[in-house]
Amino acid sequence: MTGYAPGEQPSDDGVIKLNTNENPYPPSPKVYSALRKAINPSLRLYPEPLSDSLRSVAAGVYGVPLENIIAGNGSDELLSMLLRCFVGPQDRVAFPVPTYSLYDTLVEIQDGVSAQVNYPEDFSLPETLAGQHAALTFLCNPNAPSGTLVSLPEIAKLARAVSGVLVVDEAYIDFAATEGASSVPLIRRLPNLVVLRSFSKSFSLAGMRIGLAFASEEIIAGMMKVKDSYNLNRLSLVAATAALRDMAWMKRNAQRIQRSRKRLSGALKRMGYHVYPSHANFVLARKKNQNLRPIYEELKRKKIFVRYFDAPGLQDCLRITVGTPTEVNVLLKEMVALEV
Ligand SMILES: Cc1ncc(COP(=O)(O)O)c(C=O)c1O
């Protein structure tokens, strides 16, 4: 199996799904063949408890010792582990908003206190984030839903200024337009920094549930204590390891998405939207003070799903996942038709 023809995706139900930031391209063919080989009687055995095979391949790819890496059942599981490690009742957890909604949900589950700091209009790092006396501070970088990116010097400064642990959620970093935007190398000199990665977006493996966290040995050892014994199943471990062995596949798809993102952003701007500079596989398009629910509903009627947030400050926005060139064309055609 070699994957889809360039720019195409089979669509069996006629739905164009641009609402949850999945990758429109398939996983590497090497992932498929590794999975096929792994379907054998060894499935009766428990998987590796510490995901050592995946961690050692990740160590090579990211240039970080194995002791500084932990694998999770999606980065969502790693987020949940971090809350259990560092946040007790009434502890403060700071993050700029709007951002990934799970942070707030996890804080509530833990009986912690969310210290939400509004992003300025341009989604630059809020100056007051560091002074929140938080046990944990989250920074989603690139941010969801804006797609905007904070620079490494700003992140290093933030890590030094916060009172507790800083978690940089890099679920979308492989789509960044800037080379060397990842905070992973910073963990060597910043002992309170945790960097999260997901295999759901750039590696096209949302269905397999795999994430990685990079941090000091001490933090990783603490996270190991709270994790379930066998948190990654055998097939997910195989898929993740094979995906990391074919970085060229992931990078090629990320580049295709960057090109489509540029075209989509340009077209939306010409239609009068403000489009935030996106470093992710989605764009946030705003029509200032115009509720975009009717556009979202109309697109849904045409089986094109984009994300509308019925939340203060975001009702004049649509978040659109970057699809294949064909999907982008269909979306734009419908959006232009709705303008008139
Ligand atoms: C910012 C952010 N972090 C983490 C996740 C969760 O990723 P995973 O599928 O690895 O659990 C998502 C998923 O949409 C996300 O948007």
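When reading the values below, keep in mind they use all heavy atoms of this one structure, side chains included, and skip hydrogens, waters and symmetry mates. Numbering of ligands and ligand atoms starts at 1, following listing order. Remember, predicted model here, so these are calculated numbers, not experimental data.
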What verdict does the ring-ring contact (aromatic ring centres under 6.0 Å, His included) test give for F282 and Y172, after you've listed the backbone C-alpha separation in whole Å, the side-chain angles of each residue and the deciding distance to 0.1 Å?
CA-CA 9 Å; F282 55 83; Y172 299 100; 4.9 Å; yes
Working note: M208 + F199, criterion side chain to side chain contact (heavy atoms under 4.5 Å, CB included); need CA distance, chi angles, decisive distance, verdict.
CA-CA 8 Å; M208 297 301 287; F199 282 62; over 6 Å; no
Salt bridge (Lys or Arg N to Asp or Glu O under 4.0 Å) evaluation trace for K288 with D316:
CA-CA 6 Å; K288 192 105 179 137; D316 56 357; 5.5 Å; no
Rounded distance [0.5 Å steps], CZ in R160 versus CG in N192:
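Atom-to-atom, R160:CZ and N192:CG are 9.5 Å apart.
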Using 0.5 Å steps for rounding, measure from the CG atom of L166 to the CG atom of L186.
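Those atoms lie 9.5 Å apart.
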Going by the order shown, which atoms of ligand 1 are within less than 4.0 Å of some heavy atom of [X]?
X	answer
K201	13 (C), 14 (O)
G74	10 (O), 11 (O)
C140	1 (C)
R209	8 (P), 9 (O), 11 (O)
S200	8 (P), 9 (O), 10 (O)
Y172	1 (C), 14 (O), 15 (C), 16 (O)

Among S101, A206, S75, whose heavy atom sits nearest atom 8 (P) of ligand 1?
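Heavy atom nearest to atom 8 (P) of ligand 1 belongs to S75.
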Measure [X] to ligand 1 on non-hydrogen atoms and call it side chain, backbone, both or neither using the 4.0 Å cut-off.
X	result
F199	neither
E77	neither
A171	side chain
D169	side chain

Looking only at non-hydrogen atoms, find the nearest pair between L82 and L136 and report the distance.
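It is O-CD2, 4.1 Å.
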What heavy-atom pair brings D310 and Q315 nearest, and what distance separates the two atoms?
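So the minimum-distance heavy-atom pair works out to OD1-NE2, 2.9 Å.
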Protein heavy atom at shortest distance from atom 6 (C) of ligand 1
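Protein heavy atom at minimum distance: D76 OD1, 3.0 Å.
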Stepwise side-chain hydrogen bond (donor to acceptor under 3.5 Å, both in side chains) check, S182 with R197
CA-CA 10 Å; S182 170; R197 289 294 188 90; 3.0 Å; yes
